[in-house]
Enquirer: 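Sharing a structure, written as structure tokens. Questions coming.
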There are 2 protein chains.
Amino acid sequence: MGLRERKKEKTRLAILDAAIDLFLEQGYDSTTVEQIAGAVDVSPRTFFRYFTSKDHIVLWFHDQGEEIMLETLQARPADEPPFTSLAHALRAVLSNVADSTPADTQRFLKLRRVLEEHPHLVGLSVARGTETERRLADEVAARRGVDPAQDRLTHLIVAFAMSTMRVGFDCPQSEPHDVREIVGRLEATIQLAELSLRPGWDA
Amino acid sequence: MGLRERKKEKTRLAILDAAIDLFLEQGYDSTTVEQIAGAVDVSPRTFFRYFTSKDHIVLWFHDQGEEIMLETLQARPADEPPFTSLAHALRAVLSNVADSTPADTQRFLKLRRVLEEHPHLVGLSVARGTETERRLADEVAARRGVDPAQDRLTHLIVAFAMSTMRVGFDCPQSEPHDVREIVGRLEATIQLAELSLRPGWDA
DNA sequence: TAATATATGTCAGTCGATGACAGATGACAA
DNA sequence: TTGTCATCTGTCATCGACTGACATATATTA
């Protein structure tokens with residue numbers, strides 16, 4: 001990897017960290033792009049070359065996670081029930097964070113706090129995730145041998161899976177201390193969902 | 001009702017209609033608030049006195065619908081299974097539209113087309129609905145006699161219900177011609193959801 | 001080292017959104 | 001009817017997110 005790429009990755013992370021810290025210090029809304037850029041000695045214009053929008057900072061892990069979900073889903077055996085596959089995809093997102101560098105998991109935990117304090121940002125992640133949700137539905141439809149434009153159950157399966165994810169993440173309770181605690185909550189939520197669903201419903 | 005209020009309601013609807021038509025003609029993003037205001041001979045500043053944001057236009061029915069959901073939910077018998085109550089709340093939203101004036105249902109159908117062409121706006125509705133979803137969860141928690149801050153199942157119930165709503169609304173298929181067709185789709189989706197869930201799961 | 005490719009800063013400009021103030025208009029009592 | 005009051009509206013100024021264009025600086029490669 002050349003110097004150029006290393007430098008880019010460095011500023012990318014610097015911007016990310018500066019932004020997250022500012023969000024936690026003074027709130028998301030009252031933090032301007034100018035401040036973030038200033039904190040890492042970069043022009044505001046450059047900020048937008050690394051992140052397409054201010055929101056993009058908050059949705060960083062979300063974007064990343066959806067990519068992982070897609071890959072995991074495609075790697076699961078084709079004859080596995082779709083919801084089971086999706087559940088594994090959800091787990092994969094968190095495993096990825098847990099297996100990452102300490103700095104990365106720290107970013108994840110901090111971002112989670114930002115999302116907690118500004119619930120409306122959670123919706124934005126859904127907004128951005130629309131496209132990925134469609135791709136997940138396409139994949140599930142292919143596995144079920146149906147037309148994604150016609151089959152309601154396919155969309156319901158994906159929607160339920162995403163709901164499970166959100167509940168596992170957002171469920172208030174006390175502040176989680178590490179990623180493993182969040183892993184535990186997601187696992188519990190997945191089990192709860194599987195307990196709530198009729199066996200074979202997604203076949 | 002005084003002249004003043006009538007006038008306000010009139011401009012409110014005028015702005016709404018002008019905006020919707022412009023969105024359908026030239027797309028959501030390329031329509032400016034200035035254009036909308038100009039189309040009804042009103043200053044841009046006044047636009048923001050009727051609608052808090054450009055998004056607000058699109059989410060108009062959504063806001064309205066969530067209010068109805070809450071009221072319906074509260075009116076359902078306390079011993080009814082929560083998901084059943086929520087399903088009735090979903091139906092109530094559409095009944096309200098169907099029982100409204102023809103002009104109103106037209107607006108509804110047009111707005112639905114706007115949402116279809118700009119999927120990211122669907123996410124915005126979730127963003128705006130975060131607060132209402134919390135209130136729904138509070139109500140469900142009260143009925144189940146649990147603490148909303150502790151009980152995962154409560155949040156899962158609400159999340160599943162909202163998913164059902166979204167799938168019923170957004171499921172592609174062919175363009176619906178009237179509200180009754182959408183009512184049918186929602187009903188089918190609700191039945192599908194109830195078929196997918198284990199009996200008594202939400203008790 | 002020269003030539004090329006890419007990253008960054010500066011500048012100008014658009015658009016959404018908000019506060020402040022002044023003028024216009026409906027509501028209401030005498 | 002008239003005058004007062006509350007409310008609505010337009011104008012102006014301003015902020016902040018975001019984008020395109022262009023020039024400059026910094027890697028990369030031959």
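Bear in mind the structure is a predicted one, so any value in this text is a computation, not a measurement. Letters A, B, ... are given to chains in the order of the sequence lines, protein chains preceding strands, and every chain is numbered from 1.
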Enquirer: Calculate the interatomic distance between A:Glu9 atom CD and C:dA7 atom P; express it in whole Å.
Expert: 13 Å
Enquirer: Determine the minimum heavy-atom distance between B:Arg144 and B:Ala203, stating which atoms define it.
Expert: NH2-O, 3.3 Å
Enquirer: Quick one: closest heavy-atom pair of B:Val58 and B:Tyr28, and the distance?
Expert: CG2-CE1, 3.6 Å
Enquirer: Look at the side chain of B:Thr84 and the backbone N and O of B:Glu80, then say whether any donor-acceptor pair between them is shorter than 3.5 Å.
Expert: no
Enquirer: Looking at B:Arg128 and B:Asp55, is there a salt bridge between them, counting it only when a charged N and a carboxylate O are closer than 4.0 Å?
Expert: no
Enquirer: Heavy atoms under 4.0 Å is the rule here; annotate nucleotides 11-21 of chain D 5' to 3' with B where the base is hit, S where only the sugar-phosphate is, and - elsewhere.
Expert: B-----SBBBB
Enquirer: Is there a donor-acceptor contact under 3.5 Å from the side chain of B:Arg107 to the main chain of B:Asp17?
Expert: no
Enquirer: Using a 4.0 Å cut-off on protein heavy atoms (strictly under), produce a 5'-to-3' string for nucleotides 23-30 of chain D with B for base contact, S for backbone-only sugar-phosphate contact, and - for none.
Expert: ---BBS--
Enquirer: Establish, with yes or no, whether the OP1 or OP2 oxygen of C:dA7 is under 4.0 angstrom from a side-chain nitrogen or oxygen of A:Tyr50.
Expert: no
Enquirer: Give me the atom names and distance for the closest heavy-atom approach of B:Thr154 to B:Ala137.
Expert: CG2-O, 3.4 Å
Enquirer: Under 6.0 Å between ring centres: does that hold for B:Phe160 and A:Phe160?
Expert: yes
Enquirer: Classify the angle between the aromatic ring planes of A:His118 and A:His120 as parallel (below 30°), tilted (30 to 60°) or perpendicular (above 60°).
Expert: perpendicular
Enquirer: Measure the distance from NZ on B:Lys10 to P on C:dG26 and round it to the nearest whole Å.
Expert: 12 Å
Enquirer: CG of B:Leu59 versus P of C:dG16: gap in Å, rounded?
Expert: 15 Å
